[in-house]
Structures are given as C-alpha cells and as structure tokens.
Amino acid sequence: MSVDSKIKERVEELKKIIQEHNYNYYILDNPTIPDSEYDRLFRELQTVEAQHPELKTPDSPTQRVGALPQTAFKTVSHIIPMLSLNNAFTDEELEAFDRRIHEKLQSQETIEYVCEPKLDGLAISILYENGILVRGATRGDGSTGEDITQNIKTIKNVPLKLRGDFPSTLEIRGEVFLPKAGFNALNAAAKKLGTKQFANPRNAAAGSVRQLDSRITAQRPLAFYCYDIGKGDETVSTSSHSKDLEKIKTWGIPTVPLLSVVQGYQGCLEYYKQIQIQRNQLPFEIDGVVYKVNQKVLQEQLGFISRAPRWAIAHKFPAQEELTIIRDVEFQVGRTGALTPVARLEPVAVGGVTVSNATLHNMDEIERKDIRIGDTVIVRRAGDVIPEVMSVIKERRPHDTKPIVLPSKCPVCQSAVVRIEGEAVARCTGGLFCPAQRKETIKHFASRQAMDIEGLGNKLAEQLIDSGLVQHVDDLYKLTLDPLANLERFAEKSAQNLLDALEKSKSTTLPRFLLALGIREVGEATALALTKHFTALEPIMEASEEALQEVPDVGPVVAKHIIAFFKEPHNQRVIRSLLDAGIHWPAIKKTDPSKLSLSGEIVVLTGTLQSMSRDEAKKELVALGAKVSGSVSPNTTLVIEGAEAGSKLNKAQALGIKVIDEDAFLKLIKREHSL
Ligand code: IVH
C-alpha cells in the first residue's frame, strides 16, 4: 500500500473511532474511554489533516472549531414551514385543548399524549443529505430563517454524520440551548473581564448561535435536543411521535430527555406537576412542558390552525420574571456588618408568590445595572432563591428617579460605614456594638450546623437582643426562667424549653464550636480541617499565620481572619465565659500518622485538577500522610492525573506506577475528612 493510501485509511479510521466515541458520550451517556485518550485521537486527526488538507472532509469531527467570520448570514427557505405552539396557562385551558381534540376527531376515546419539557432556547432546523450535515438554520419567521451552518457545526452533541439507516434527505428540528452550568461559567468569565453579562441562558444561546464569527460560537458550551422531524418524515415508517424520536436517536441525534407517554389530559397534568418539582434540579432551563398527540394518523386528521398544530400545546409555567417599580432602597446589616441594599418594590406576583422585596447585592451591582429609585425593573424569583432585581427598563425611566446612595453611617447603630478598596461590600464598623450584627451573631451561633439550639430562631434572637437580656453569645447561658417568661408571647413553658435546649447544646463538638464563633471565612469545612490539624482549641487560638496555612482549606486571607479574631480581647473573654458555662466536646485523638491512608506514599501530581489548586492538593496530600514530589522517579508510588496530563503521566505509565484520577483522589480526601 502506498504511503498516501495508508494515511487516508488512518484518517477514515480516526474519524470513525471519534464518531463512535461521540455517540457513546452524547447519545448513550456512556463514555468508554477516558477524555485524555479521546483528546489524543482528536489531536492525531488534526495533525494529519493539517499535513494533508485534501483529506479534510465536512463531516470530520475536527470541523467543529469554527470557520472564518462571515459578513452576514444568508437566508434560508424552510422546505416545510417551522410552526409555533399555542400556549395553555391553566389546567382549564389544557382541558379545553383536550376537548377540542375530541370534538375534531369526533371520538370519545382517551387520547395518548407525549409529554416533553419545553426547552428554553432557540428553535433550529438541521438538514442532512446522505447522512452528512449540510445546513443549519434558525426558525426566523417560520418560512425563512438564517443560514447558521458554521455555528451549528460547533455544537458538540450535534452529529456531523449520521449512523444507521437514515433517510437520504433528513431535516430535524429541535432546540439549541445553553445548559445552566455553561451559562454561569460564561457570565463568571464576562464578570472577570468586565464585559457584558447575559440576562438569562436563552439570551446567551441566541447571542451565541447568531455569531458571525463561528470561532466564538465554538467557545460557547451550547447543546441541542431534537423534538421533531421536518423533511424526511414521510420516509420514516413509524406510527407515533414517540417512536419517531426513538428512531432518530438510533441515527446518533440527541432527542429531548424526560419524555413520557401518558393517557388523557389527566396524565399530562401529572407530568406537569412532576416536572415542576424537578425543574430547579435540571441542568437546563425550561419554561413549561409540551404535550403532543402521539399517533401520527391522529395528528394528520387534526392538522393545523393558523401557524400552530392543533395536536400540540405548550403548558407554560407561571413566569419567574415580572415588571415592577422600585419604591425605595434600604440597607440591611449582616453578621459581619456587611450592608446589603434591598429594594422595596411595588408588590407583584412572581411565579405565584407576592414579592415586595428584592436583593440588589451590593453597590457595584447597582452601578453595573444602573438602578435608581423609581425605576421600572425586572424582578426574578427562581425556586427558593431570594428575589433579585435583574435589570432596568430604561425606556420607562421617569425624569424624577433618585440615585441609590450608600449611607455613611450604619442605619442601625450609626457607626461609620467603610468600604475597603477593591471590595464590593461596605461594612458597618460597629462590630458587637451594633444590635443588627449582634442579632445575626446570635442566630448564627444557635443555628443547626453550629450550636444547634432548638427554638432559637430569627424572632427570639431579636427579642433577646432588643430586651437587653442578651448582649453577646455567652449571655445566652446566663439566662434564667423569670425574665425570659416575661418576654412578649413567651410563656413559662417555652422559656423552660429554651433553657433545656441551651443546656443540651453545651455538649457539642469542636468543629461546631469553631463554626459557632462566627470567624470570618470559617465555614463548616474549614472548622473541620482546623480541628483535624490541631485537635484542640488552644493551639488554634495560638497558631501563627504560617502554622494555620498548613491546614488544607486555609489560605492567607482565612489565616489573617482567624488570627485577628483570637487576638481580640473581647472574643477571648467570650470564649472563656462559654467554656466556664460548661460547653465541652469530646477530646480528639491525634491520628497515628502511620494509619493515614497515604502514609509512606510518595505522590506526584500531574495535569490540572478541576476542583482545587495545586497548592490545595499538596496540603490535602500531606494531611493524608503522603510526601509530595515534583517529578516521577522509580521511588514514586502514586501519580494523580489531572486534565491534560503530560510527560509525567507517560513516564509513570512506563515505570508501571499506580495512577489515579481526580475523582478517586477526591474520594480519598472525603473518606479521610469524615470524622
Ligand atoms: S414542538 C410544530 N417541542 O417552543 C411543533 N417545541 O413555543 C413545533 N420548544 O418554536 C414545536 N421545547 O422553539 C416543541 N419539546 C418541544 C419544545 C419546543 C421547546 C420551543 C420551540 C418552539 C417554541 C414554541
């Protein structure tokens, strides 16, 4: 065989292998090789194609990286118009839809429906000729759209080439969208760069798909799900929509997930409720569900009315965003003195709940969104998240809006408010003099993860501070029955319950106690790590900055906060007083170093870890008893492989040294951390 035909053969083979892995990964959700292996194959193909451009074909998996920018999109006529859906907002409207279907079909029989999530993205059409992706288009006005082929080709789960026995001409339709994680990553990057952030995943998807420079689209983690066939349907000989989708899947095309076949509109309503519960946990945004008559013969009989099918309807969720007006802005003071601006709104129903307050986060956010008192704004309430002001409708700004000004004095205790250079948050300097901070401190101290004082919630914490019965957390343990029982709406029984709960809380653990103290940046994980490292309170109180930084999870900033906290005489007094009151915890045994899971091991890190920095990983390894080394040698006993691991990995493999991936490493850490 000549060199050329050998190379050609290898290119074909690589394309086939990569396509197969794409199918396993995107369609079957079952990758059979590690990412590193996939990357190697991909790079090999890229290299050969660069050396032999004549071997590059449009269906090559390397063709997803984007092409040169265009000056405008060409227009595309849709072979079959792309229709829209009618909407139902209530159960009654859905029932009416089902009734109309029965009337039109002149039948009493229960209708079988397919239920699908309504993906919140952009409708597109993708055309395959002889199994090769030849055209991608936006819906446009339904008859003509824009040619976005180059951009569609960059979407990782869209096959460039079909598999199986597909029709020679196949047009599929579906939704392009940006999964929530991708959207958050995109906005986080934009925030860092100081560029414009997207209001929601839908806008971000639309902006990405309509990029003239497809190299930019290639950077956006878009995804696609098919929910319909356009041209080619006539050659697919199945009898129902659900079977169509099954067939489409065998061609390597990702179809809409969470699909369910139900009987009658009652079945649809159950599906709606189920999906509503799952909604916040889904990896992508949805704005409702879609019901479609499953049998294709019935679909044909029902036909279309104006621009929507009679056989399908979208059942929308109540809007999560509404318009309202900002009447005023107040500043709330948190435990650490942070001032949070809160908008007082003209009350508005959002997703079935009346919203009259929304967070504005901090002054930087107010400036970035250019929010003023009197503005009409979009408020959003998603799941259990605190309602948030998303953006201002500038067109509706009246001439007499007022700017939002950071107060120079704490609205609660009148102490000075300071804003440290480079920090977004402004803080009250009142410290424990500030009743607002004291209330929050008490709430935090009593919370479930900290001292777990049952019954001591928001209301009671406020009463205790306002009545003067409690100033600082140690005063809690000095409370007696009489004055407590005199508090408003507080009978002897509840007073006794609180005293019992306080007594019970005295028996605790060191991590809980550390967390309860409310040291800045010391959350549950850090409290646990400090405990494991130092095993007692005194050494933590006396530790130097260097000693603290040896603890995994503790960097220079956290170390400084810990030092500052324990240096403060007031804090030392409160701690002593708490211990005198009888707070105690079981002594922690020092772990025998030889019993640690990696004791005696010499470990090398290679590649990039996704979940932690290299310094963090080193600290974790030391905490697990390992020695960390920079290079692989015959003495190395273990290699931890991050993303894009290079020569160290090859050497380790050559030397037959055990290699584990990041997941396995995280499992080790987790096991060690469970006290
Ligand atoms: S079917 C003829 N199914 O909703 C039927 N549409 O409001 C065509 N959409 O333009 C649409 N998820 O962009 C269908 N599972 C789904 C959908 C879905 C989202 C979008 C699609 C359509 C719009 C209509």
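Indexing begins at 1, ligand by ligand and atom by atom, following the structure's order.
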Shortest protein contact, atom 11 (C) of ligand 1 (heavy atom only): Tyr227 CE1, 3.8 Å
Counterpart residues, side chain to side chain contact (heavy atoms under 4.5 Å, CB included), relative to Arg380 (two or more places apart): Glu285, Gln320, Glu321, Ala382, Met390
Atom 8 (C) of ligand 1: nearest protein contact (heavy atom, Å): Leu83 O, 4.1 Å
Close approach, Pro117 and ligand 1, non-hydrogen under 4.0 angstrom: yes
Distance under 6.0 Å and angle within 45° of ring axis: Arg310 vs Phe304: no
Distance-only N or O hit between ligand 1 and Asn87, under 3.5 Å: no
Nearest neighbour in protein (non-hydrogen) for atom 9 (N) of ligand 1: Glu175 OE1, 3.6 Å
Ligand 1 N/O within reach of Lys118 N/O, cut-off under 3.5 Å: yes
Leu85, portion touching ligand 1 at heavy-atom distance under 4.0 Å: both
Closest approach of any protein heavy atom to atom 3 (N) of ligand 1, naming residue and atom: Lys292 NZ, 3.0 Å
Asp228 N/O under 3.5 Å from ligand 1 N/O: no
Shortest protein contact, atom 12 (N) of ligand 1 (heavy atom only): Leu119 N, 3.1 Å
Flag if over 12 foreign heavy atoms under 6.0 Å of NZ, Lys394: yes
Distance flag, aromatic centroids of Tyr38 and Tyr25, threshold under 6.0 Å: no
Under-4.0 Å heavy-atom contact with ligand 1, by part of Ala123 that carries it: both
Close side-chain approach of Leu170 and Leu127, heavy atoms under 4.5 Å: no
Residues Asp91 and Tyr265: side-chain donor-acceptor under 3.5 angstrom: no
